[in-house]
Amino acid sequence: MKKFRFIVAICAALMIAAPAMALEVEVSGHYFVEHFNHSNPTLNKDEASDDYSTMEFMAKPVFKVNDNITLTTQFTALQDHTWGYDASRPTDEDNPLSPKMDNNENFDWKAAYMTIKTSIGGFIVGRYIDTPWGTGLGDSTASHGSNSRHKDRVMWVVPTGDFISGLVAQKNGEGDRGNVISDADFHKFYGFSAYKQENWSTGLLIARYEHKNYVNQRDLRNFQIGYDGYLAASSAATVAQGTYAGTYAQALQLAGALNPALVPLVQAAPFDAASSAALDGALAGAGIPAIDLYGLNSSAITAQGAAAAAGAAVQAGPTRSSLGLWVFNPYFMGTFGPLTAEAEILYGFGEIELDEVRTDPVSGNTFDTIDAEGFAATLDVKYDIAGLTLNAGGTYVQGDSNPDDDEASAIGYFEESIDLEHGFLLTSDYQNLNTTLGGTDENGIPLGNVSGGPTTITGPAGYTSFWLGAKYQLLDNLKLGVLYVNSTADDAPKTNAGVEWDDDHGAEYDFTVEWDIMNNLKFWGVVAYLDAGDYWKAGGFRPEVENNTTFYGRITLEF
């Protein structure tokens, strides 16, 4: 509530000052409500369906100070608020990998940046919402038109004839301020140039990533496995403590009923093996089985210690390395009569400097650096004929499921967003399953879909997919579509025993509805069916998988 009052105060002050400053204010944004129904989100047999609704309000106030200076802001409220949740539900602070839960401070400034026009070009300075470069390959713009991946940057843009070029200095992570360890920031530097014509455009972006606080694949996996172990240890400690406490309470009650003189023996038994043995002997004389209070209490203490140790390791976080990466990102987009084509390539190479010398368990080679190189490409073609749009395309995203050698090729570890939206369940983040689809592997690591990023198994494994689709303009305000997607892993993982997983993600069938209900009010609906492949058996960890059907609908008000 205090945040809302603060926002209102700022806006009121700016509006009051408007006449003196000749300030112009424009506000745009959206409000949407969406509903999800997943029949089988973890693809397990006999799983219950997942059925819920969420919402979001986003506003983008733009303050035009004068002809050369504009202040653009953006904020969201009730983002991902699940209907029916208690608004005071806290964040899951024990798990840094978990999504943010609903809470009573569900309000977030997404952007606040200046746009400054000068004689040498335009400057953007501040917290900025990324705009797409080419297709969606590697972009960090999130779904729904909002964006949780806001960036703090300085950008210089120079239009020259048909070219738009620029430079960007961006900070993705701050690791120096208030830290004992210095020089632990994450910087990205971009240079780009795009050539635009009336019906086509092409461009090249070159970037340098300097990530001094990078978590490589093995260290992230170790942390995830450690967190899963922490959960297991915490559960075991709770069970052990409950078993001991319940048995102790029953023993006191039983001793009082049998012989009050046994009560002091019960009180001493948890801490003294001899007293515990004497108590069990007295109970045996009465025909009662031994309870071993000393052993139960010792087991509870040991389990609590193991949970505390596992928790301390989780609290310390994963080991950090240093990544230096060059990225080359060309694209082409064009419309030629009824034909539209989009293509993009993403290629990165560099090096990861480790914090210690590692050993490859297969070759026995030792190394303190990892060669980083990854490649991805996509092509999408559409053809319009008499209200019907035919669509075909394919994507290749290089994967690397070996975290222990001196090479890293999974592009999903360098670019967290490989989100092309060709397949609602397999390649999208709209459905909220991108980090949870299919459940977990034998180590408790989420499988996720191919856009789930480095914290999943499926994202770093990469993929090859192709799709065929069609959309038909049934009415002026109503469009129906169908889409078929087939996907396989590029580099399938292996089990702990060294057995390689099946690479078949499966086939997806989508039916979509796009309905412009009235001006500014739109509905988008999807029925998506995943014919799950054997990849989701996780190399035999899950004996069988069940398919999933998802019903999704979103109504959006834009203003």
Side-chain angles (χ1 to χ4, degrees), residues 42 44 46-48 85-86 88-101 103 218-319 436 439-446 455 495-497 538 541-542:
T42 64
N44 282 319
D46 302 324
E47 181 189 12
Y85 268 7
D86 182 353
S88 63
R89 186 175 182 179
T91 309
D92 183 3
E93 297 178 351
D94 291 332
N95 181 6
L97 300 178
S98 70
K100 183 178 179 181
M101 303 301 289
N103 62 80
R218 168 43 62 198
D219 291 332
L220 178 58
R221 288 290 178 260
N222 287 343
F223 179 76
Q224 290 176 304
I225 294 170
Y227 183 77
D228 189 61
Y230 161 68
L231 294 179
S234 297
S235 178
T238 301
V239 171
Q241 179 62 28
T243 301
Y244 158 69
T247 304
Y248 179 76
Q250 291 176 348
L252 280 177
Q253 185 179 22
L254 183 61
L258 289 175
N259 183 358
L262 292 176
V263 171
L265 196 60
V266 172
Q267 294 172 334
F271 314 102
D272 180 70
S275 297
S276 181
L279 175 63
D280 286 342
L283 294 176
I288 301 173
I291 57 176
D292 188 16
L293 280 179
Y294 181 79
L296 290 177
N297 187 33
S298 298
S299 296
I301 293 172
T302 300
Q304 288 173 337
V314 169
Q315 188 67 31
T319 302
T436 59
T440 67
D441 73 347
E442 61 185 318
N443 296 309
I445 300 175
T455 60
T495 66
N496 293 337
F541 170 68
R542 183 179 295 111

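Side-chain atoms are counted along with the backbone in the values below, which use heavy atoms only and exclude waters and symmetry mates. Since we're looking at a predicted model, the values are computed, not measured.
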**Complete:** Heavy-atom closest pair (P260 atom, P264 atom, distance to 0.1 Å) is O-CD, 3.8 Å

**Prompt:** Going by heavy atoms in the side chains, are T436 and P446 under 4.5 Å from each other?
**Reply:** no

**Exam field: side chain N443 to backbone I445, donor-acceptor pair closer than 3.5 Å** = no

Side chains of residues 284-305: which donor-acceptor pairs under 3.5 Å do they make with residues two or more places apart or in other chains?
residue: D292; atom: OD1; partner: G295; partner atom: N; Å: 2.9
residue: N297; atom: ND2; partner: P270; partner atom: O; Å: 3.1
residue: S298; atom: OG; partner: Y294; partner atom: O; Å: 2.8
residue: S299; atom: OG; partner: G295; partner atom: O; Å: 3.0
residue: T302; atom: OG1; partner: S298; partner atom: O; Å: 2.9
residue: Q304; atom: NE2; partner: Q241; partner atom: OE1; Å: 3.1

**Complete:** Rounded to the nearest 0.5 Å, the CG atom of L254 sits from the CG atom of L262 at a distance of 8.5 Å

**Message:** Would the distance check show the side chain of N44 and the main-chain N or O of E47 forming a donor-acceptor pair, the cut-off being under 3.5 Å?
**Reply:** no

**Prompt:** Less than 4.5 Å apart, any side-chain heavy atom of D219 and any of F223?
**Reply:** no

**Message:** Nearest 0.5 angstrom please: R221 CZ to T455 OG1, how far?
**Reply:** 8.0 Å

**Asked** Are V263 and Q267 close enough that some pair of their side-chain heavy atoms sits under 4.5 Å apart?
**Response** yes

Let me have the donor-acceptor pairs involving side chains of residues 233-240, under 3.5 Å, with sequence neighbours excluded, atom names and distances please.
residue: S234; atom: OG; partner: Y230; partner atom: O; Å: 2.9
residue: T238; atom: OG1; partner: S234; partner atom: O; Å: 2.9

**Asked** Rounded to the nearest 0.5 Å, what separation is found between the CZ atom of R542 and the OG1 atom of T440?
**Response** 6.5 Å

